[in-house]
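Below: the structure, in structure tokens.
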Amino acid sequence: MPNSRRSLLVVVAVIGSVATAAGIAWAVGAFDSSSRDELPPDWQRGMNFTAFLPDAYSDPKAAEAIATAKEAGTDLLALTP
């Protein structure tokens with residue numbers, strides 16, 4: 001397996017693990033917003049998209065991961081080679 005594909009799979013696995021952990025925390029009520037102030041309307045959501053090889057972003061899976069981040073409400077994306 002090429003290194004770029006392997007690194008992309010690691011990135012996707014990490015994103016999936018973080019999303020799963022956040023989903024579990026939300027399900028058990030860890031993110032109960034009733035006890036906190038609401039975020040300001042101009043609040044921006046972002047994420048770091050890290051790859052270990054320069055050509056990792058050219059893979060179709062990378063485009064799919066970026067589209068998934070956008071669907072989740074991400075406004076800003078930092079590409080970190």
Side-chain angles (χ1 to χ4, degrees):
M1 177 180 295
N3 285 336
S4 62
R5 185 169 299 260
R6 187 176 312 135
S7 65
L8 179 63
L9 291 175
V10 169
V11 169
V12 171
V14 168
I15 291 171
S17 297
V18 170
T20 300
I24 291 170
W26 175 80
V28 298
F31 296 129
D32 181 17
S33 64
S34 63
S35 64
R36 296 185 212 139
D37 294 330
E38 293 295 319
L39 295 174
D42 61 344
W43 187 266
Q44 295 177 325
R45 295 176 65 183
M47 70 170 276
N48 291 332
F49 191 64
T50 305
F52 299 102
L53 297 173
D55 62 346
Y57 298 120
S58 65
D59 191 280
K61 294 278 187 184
E64 183 180 328
I66 292 170
T68 301
K70 181 63 178 170
E71 291 169 7
T74 301
D75 297 320
L76 303 170
L77 182 71
L79 298 178
T80 310

Look up atom CD1 in Ile66 and atom CD in Glu71, then write down how far apart they are to the nearest 0.5 Å.
-> 12.5 Å
When you measure from the side chain of Thr74 to the backbone N and O of Lys70, does any donor-acceptor pair fall under 3.5 Å?
-> no
Sub-3.5 Å donor-acceptor pair from the side chain of Asp75 to the main-chain atoms of Arg45, do we have one?
-> yes
Nearest atoms (heavy-atom pairs only) where Ala62 meets Ala56 | CB-O, 3.7 Å
Are the side chains of Leu77 and Met47 in touch, meaning some heavy atoms are under 4.5 Å apart?
-> yes
Side-chain donor/acceptor of Asn48 to backbone N/O of Thr50, under 3.5 Å | no
If you round to the nearest 0.5 Å, how far is CG of Asp59 from CG of Leu53?
-> 11.5 Å
Out of curiosity, Phe49 CZ to Ile15 CD1, how far, rounded to the nearest 0.5 Å?
-> 5.5 Å
